[in-house]
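One-based numbering, in listed order, for ligands and for the atoms of each. Since this is a predicted model, take the numbers as computed values, not measurements. Note: hydrogens, waters and symmetry copies are ignored here, and every other heavy atom, side chains too, is used. Throughout, residue positions are numbered sequentially from 1 according to the sequence presented.
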Amino acid sequence: MERADFLILGGGVAGLSAAARLALHGRTILLEGEEALGYHSSGRSVSFSHYGIGTAPVRALTAWSRPFFPPPLGRLFPTLYFADEAALARLDALREDMAALAEDVRIVDAAEMQALFPVLRTGPGGALRGLLDPTGLKLDADLILQSYAREVRGAGGNVLTGRRVTAIEPGWTVRTEAGEAFAAPVLVNAAGAWADQVATLAGVAPLGLTPMRRTIIVVDPPEGTRIEAWPFALSAARDFYIQPEAGRLLVSPVDEVVDDPCDARPEDYDVALAADRLEHYTTMRVTRIAHRWAGLRTFSEDRVPKAGFAAGAPGFFWLAGQGGFGFQTAPAMAAIAEALITGGPWPKGLAELGVAVEQVAPGAGRLAFGPA
Ligand SMILES: Cc1cc2nc3c(=O)[nH]c(=O)nc-3n(C[C@H](O)[C@H](O)[C@H](O)COP(=O)(O)OP(=O)(O)OC[C@H]3O[C@@H](n4cnc5c(N)ncnc54)[C@H](O)[C@@H]3O)c2cc1C
């Protein structure tokens with residue numbers, strides 16, 4: 001049996017970022033069931049940091065986290081939200097939501113949108129107005145995961161892959177499929193889509209997390225087109241986005257299909273939907289889909305990520321519900337986990353941005369949304 005001060009279950013961005021901080025306070029062991037870190041959601045992310053997603057606490061967690069992504073972990077990448085007639089009110093609401101956090105956001109007209117993103121359909125029936133945020137950040141997901149893992153190891157901790165936990169006893173002792181045992185007084189449940197299942201394994205009441213599938217297709221740009229300077233473009237209607245990456249275009253129909261925790265695969269319907277939306281919003285024609293994938297985005301009931309000890313289960317710590325913003329909020333959520341687990345102060349500046357312990361507490365938001 002190997003003993004530690006902190007056991008982290010899950011080798012995605014949530015578990016790794018928390019482990020990097022906890023390793024500075026005591027012996028830390030992270031256990032990942034797959035052979036590779038980030039095999040599930042964290043390896044399938046579009047890994048962008050922007051304010052066009054999530055509730056007010058999510059935007060605040062995003063703002064707090066930005067300084068933790070200096071180059072090459074993050075690089076400035078303009079973000080363009082565009083609206084057709086039906087979505088203009090949503091664009092205005094988004095502008096208001098973002099105003100306090102991103103000062104340089106400004107309205108752009110059809111001509112400027114065309115200049116920025118030449119394939120966008122503009123004019124009657126197409127995009128009429130846009131919102132340009134020059135402060136979006138493209139994150140390097142792999143580099144971020146590896147640098148957290150390096151920090152854990154550098155502080156004397158262990159990051160162990162191929163360790164699927166199949167039994168958990170209060171106290172906490174966990175056993176892997178292969179029969180190894182690890183024990184620590186604090187167990188951090190950062191198991192992503194499986195976090196409720198892990199809680200059940202530990203005899204802790206689940207939070208009611210919902211994994212939702214999201215699909216990405218990858219297509220070639222129109223022949224002879226230079227796309228490096230294209231923005232990350234999102235419909236204000238929240239049914240489409242497109243992002244240039246490594247000479248190709250990532251496209252999503254922004255699907256949210258409830259799924260079970262699993263190795264998510266793209267469904268034909270969602271792939272076709274992505275192609276259809278691409279042809280609807282742009283002048284591009286889809287003749288070939290170079291690549292496709294799907295991943296799970298796992299939400300708490302109020303869509304605010306959760307960090308905190310489970311009631312009635314001393315030492316069992318939730319770090320779950322990162323939804324579609326697990327990368328952009330990871331530094332803040334890891335700092336919150338560190339503070340709550342080690343008894344340190346609330347992360348400096350977070351309260352001023354409007355994030356209090358009650359909002360991220362496991363179970364928070366249930367009353368607002370009624371019984372689970
Ligand atoms: C298509 C797509 C686009 C996205 N775009 C963005 C974006 O632009 N910006 C952003 O911030 N976020 C984005 N996200 C969301 C982001 O990827 C997630 O919020 C984040 O990866 C969740 O991290 P996690 O560590 O909680 O989960 P995961 O990465 O899934 O990690 C959980 C880990 O726990 C392990 N595990 C589970 N059960 C056990 C067990 N019993 N024993 C051992 N290990 C176990 C799993 O194997 C898994 O590796 C996107 C997600 C998708 C799918």
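No side-chain donor-acceptor contact under 3.5 Å links Gln322 and Lys306.
The other residues sharing a hydrophobic cluster with Leu273 are Tyr269, where clustering joins ILVMFWY side chains under 4.5 Å apart.
In this structure, Arg285 places its CZ atom where more than 12 heavy-atom neighbours from other residues, nucleotides or ligands lie under 6.0 Å away. In the displayed structure, Glu223 atom CD is contacted under 6.0 Å by at most 12 heavy atoms of other residues, nucleotides or ligands.
When the side chain to side chain contact (heavy atoms under 4.5 Å, CB included) test is applied to Ala199, the partners found at least two apart in sequence or on another chain are Asn189, Val204, Phe316, Trp318.
Applying the ring-ring contact (aromatic ring centres under 6.0 Å, His included) definition to pairs two or more places apart or across chains, those involving residues 194-230 are His40-Trp194, Phe117-Trp230.
Protein residues with a heavy atom under 4.0 Å from ligand 1 are Leu9, Gly10, Gly11, Gly12, Val13, Ala14, Leu31, Glu32, Gly33, Glu34, His40, Ser41, Ser42, Arg44, Ser45, Val46, Ser47, Phe48, Arg163, Arg164, Val165, Ala190, Ala191, Gly192, Trp194, Arg214, Ile216, Tyr241, Gly295, Leu296, Arg297, Gln322, Gly323, Gly324, Phe325, Gly326, Phe327, Gln328.
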